[in-house]
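Take a look at the structure set out below.
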Amino acid sequence: INKQLEKMKQNQECERRKRIAEEKHKEWVKKKREEERRERKRKLSKEMVEKVTRELEKMQLQEKADIKYKEWLKKKRAEEAEKKKKEKEKEKEREAELLEKRTRSEKIFKEWLQNSRNKPQPALNGYGFPHGKSSGLY
């Protein structure tokens, strides 16, 4: 009877330990799953934060690029306007020079015309040619 009681106690003790071990195992598994869930949640939130940060940086870079492009475009247009202005000025100078040249040449031509009227006419029968032209053989 004592042996049977002892054996029953051992069996009960063994079952109790088994139950405790199973409960502890279940508890450990539950904690582990909870921990893994929290870890996944933390990783996901971290990834979201990184993604938002990257997008924000990308947007800032795009804005900077747009600003630089607009400044460059403004500078380029100003340079083109300046170039056109200089070309117009050169064209006006060229036209003024041409006009001055033309007026000067007209003035010289008129003076020459005036002076040519006053000059004596060359002899018509110069060098033995009648009417200034050769006629026939030598």
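How far CD of Glu55 is from CD of Gln62: 13.5 Å, rounded to the nearest 0.5 Å. Between the CG atom in Asn2 and the NZ atom in Lys7 there is a gap of 14.0 Å [rounded to 0.5 Å]. The structure places CZ of Arg42 at 10.5 Å from CD of Glu35, a figure rounded to the nearest 0.5 Å. Here the CG-CZ distance, from Leu99 to Arg104, works out to 11.0 Å after rounding to the nearest 0.5 Å. For the atom pair CD (Glu39) and NZ (Lys32), the distance works out to 10.0 Å, reported to the nearest 0.5 Å. Glu50 contributes atom CD, which lies 10.5 Å from atom CD of Glu57 (distance to the nearest 0.5 angstrom).
Between Arg37 and Glu34 there is a salt bridge, since at least one side-chain N of the basic residue sits less than 4.0 Å from a carboxylate O of the acidic one. The pair Lys90-Glu93 does not count as a salt bridge, with every side-chain nitrogen at least 4.0 angstrom from each carboxylate oxygen. Remark: Glu89 does not engage Lys86 in a salt bridge, criterion side-chain N to carboxylate O under 4.0 Å.
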**Report entry** Candidate pair Lys51 and Arg54, rule side-chain contact (heavy atoms from CB on, under 4.5 Å), full reasoning
**Finding:** CA-CA 5 Å; Lys51 186 177 179 183; Arg54 281 194 304 268; 4.0 Å; yes
Query raised in the report: Under the side-chain contact (heavy atoms from CB on, under 4.5 Å) criterion, do Arg40 and Leu44 qualify, and how do the steps go?
Result: CA-CA 6 Å; Arg40 277 193 307 249; Leu44 189 65; over 6 Å; no
Query - Residue pair Arg77, Glu80: steps toward the salt bridge (Lys or Arg N to Asp or Glu O under 4.0 Å) verdict - result: CA-CA 5 Å; Arg77 285 181 179 163; Glu80 286 178 9; over 6 Å; no
Query - Candidate pair Lys31 and Glu27, rule side-chain contact (heavy atoms from CB on, under 4.5 Å), full reasoning - result: CA-CA 6 Å; Lys31 282 182 182 178; Glu27 206 173 290; 4.1 Å; yes
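Counting non-hydrogen atoms of other residues, nucleotides and ligands closer than 6.0 Å to CZ of Arg94 gives a total above 12. Other residues, nucleotides and ligands place more than 12 heavy atoms under 6.0 Å from the CD atom of Glu79.
Between Val29 and His25 the shortest side-chain heavy-atom distance falls below 4.5 Å.
Glu13 pairs with exactly one of Glu15, Arg17, Lys9 by the side chain to side chain contact (heavy atoms under 4.5 Å, CB included) rule, that one being Arg17.
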